[in-house]
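Just so it is clear: chains get the letters A, B, ... in the order the sequence lines come, proteins before strands, and each one is counted from 1.
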There are 2 protein chains.
Amino acid sequence: MLKISKKADYALMALQHIASVQFGDVTPGRVVNTKEIAEEYNIPLELLAKVLQVLSKNGLIESHNGPKGGYLLARSARQITIAQILESIEGPLAITDCSHEKDGDYCMQREHCNIRTPLLKIQDSIYQLLNNMTLGDMMGGTPLITIQSPSVQGVER
Amino acid sequence: MLKISKKADYALMALQHIASVQFGDVTPGRVVNTKEIAEEYNIPLELLAKVLQVLSKNGLIESHNGPKGGYLLARSARQITIAQILESIEGPLAITDCSHEKDGDYCMQREHCNIRTPLLKIQDSIYQLLNNMTLGDMMGGTPLITIQSPSVQGVER
DNA sequence: TGATCTCCGATCAATATGGTCGCACTAAAG
DNA sequence: CTTTAGTGCGACCATATTGATCGGAGATCA
């Protein structure tokens with residue numbers, strides 16, 4: 001449950017790769033093309049291409065056309081949050097349908113719905129979690145994040 | 001993205017309803033049958049029935065057969081967590097496929113996968129969030145949960 | 001014994017997803 | 001200025017998941 005799509009997975013891998021090349025020690029500033037990423041991680045080329053196009057359209061990466069072209073982070077890795085990446089691919093984060101319902105699109109259960117408010121709270125917590133972690137945090141062999149077990153609860157009884 | 005299924009939605013509504021009847025002021029201890037819940041919340045009867053059967057099989061509620069039969073919480077509302085409910089319906093919580101992969105079921109990207117560890121951390125945080133909120137917390141008009149904004153991050157830079 | 005209920009399994013339709021194909025456009029290199 | 005390697009883009013299909021439905025078997029109580 002709560003699985004994220006493969007496209008989103010691919011997006012995360014690709015961005016991590018681009019970032020590590022761009023800011024790495026070997027060939028800093030080099031652009032990365034789709035083929036390179038696809039081969040490195042065994043991702044279907046065309047699908048990855050589409051993912052990267054979306055990321056580009058949403059301003060997370062910049063594309064450079066022509067030969068020797070490729071992709072580049074649009075801003076620093078620390079300014080790209082996981083939430084931005086996921087939402088860019090999968091649309092707005094919404095645990096439940098009724099969280100962003102426009103008028104005329106009411107759910108049948110709405111009038112007596114008793115779980116809406118709590119679910120929205122949960123959704124909010126998850127969003128904050130994802131929005132407080134950046135691509136920069138994901139970089140490097142040693143993960144930079146650590147979970148503060150007791151405080152992550154966000155729930156008071 | 002990260003949407004939970006309608007079955008899970010129904011499960012939450014049903015459990016909330018059962019709990020509120022069982023521990024409410026009007027008819028405490030009364031059993032609740034499927035039809036009552038289905039009509040109250042406009043849920044397809046047969047689908048709800050299946051959801052309740054699963055919850056029953058997983059030990060969250062008790063079923064009583066025959067006329068005047070119905071469902072009852074198997075234990076106190078405070079001892080039933082949201083995580084238990086969701087996992088009961090949708091299977092184990094797994095943001096990404098590779099989080100519970102058995103041997104022989106490797107993902108293609110595994111060898112160079114750079115996002116596995118961070119994703120597992122995120123998954124863990126979400127699980128704790130869901131596991132620290134109980135059915136009891138969802139009860140009543142006033143939601144009992146409050147988000148501790150700064151501490152929910154679980155991320156250190 | 002009949003009515004009312006849960007239980008269980010098979011099945012179907014709709015939707016979402018993963019993956020593919022083809023072509024137009026752009027920019028660097030000769 | 002032509003070639004070529006690359007992105008941009010939209011249509012398309014196959015499959016998996018999900019939501020929903022149906023039919024009947026087994027309890028329980030009046």
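Atom-to-atom, CG of A:Leu48 to C1' of C:dC21 comes out at 17 Å; the value is rounded to the nearest Å. A:Leu45 has its CG atom 10 Å from the P atom of D:dG6, to the nearest Å. Taking atom NZ of A:Lys35 as the reference point, atom P of D:dT7 lies 10 Å away to the nearest angstrom. As rounded to whole Å, 13 Å separates atom P of C:dT6 from atom CG of B:Leu72. With rounding to whole Å, B:Ile37 atom CD1 is found 14 Å from C:dC5 atom C1'. Between B:Gln53 atom CD and D:dA25 atom C1' there is a gap of 12 Å when expressed in whole angstrom units. One can place CG of A:Asn33 at 14 Å from C1' of C:dA28, the figure rounded to the nearest angstrom. Here C:dG18 presents its P atom at 10 Å from NZ of A:Lys3, a figure rounded to the nearest Å.
Here A:Glu62 does not pair with A:Arg75 in a salt bridge; the nearest charged N to carboxylate O distance is not below 4.0 Å.
Summary of the strand contacts: A:Leu52 and A:Pro67 both lie near DNA chain D, and taking for each the nucleotide with the nearest heavy atom, the more 5' one is attributed to A:Pro67. Comparing B:Tyr71 and A:Asn65, the nucleotide of DNA chain C nearest to each residue sits closer to the 5' end for B:Tyr71.
Closest approach of A:Ile89 to A:Ala8, counting heavy atoms only: CG2-N, 3.9 Å.
With A:Gln22 contributing its side chain and A:Leu73 its backbone, the two residues share a donor-acceptor pair below 3.5 Å. Looking at A:Glu90, its side chain never comes within 3.5 Å of a backbone N or O of A:Ile4 through a donor-acceptor pair.
Nucleic acid contact class of A:Lys50 (heavy atoms, under 4.0 Å, all strands): base.
Judged by distance alone, the side chains of A:Tyr41 and A:His17 do bring a donor and an acceptor atom under 3.5 Å apart.
Of the candidates D:dC9, C:dT20, D:dC22, D:dC9 carries the atom nearest the A:Lys57 side chain, counting heavy atoms from C-beta on. Checked against D:dG19, D:dG8, C:dG19, the side chain of A:Ser56 finds its nearest nucleotide in D:dG8.
Contact check, A:Tyr10 against C:dG19: a side-chain N or O comes under 4.0 Å of OP1 or OP2. Within the structure, every side-chain polar atom (N or O) of A:Thr34 is placed at least 4.0 Å from both OP1 and OP2 of D:dG6.
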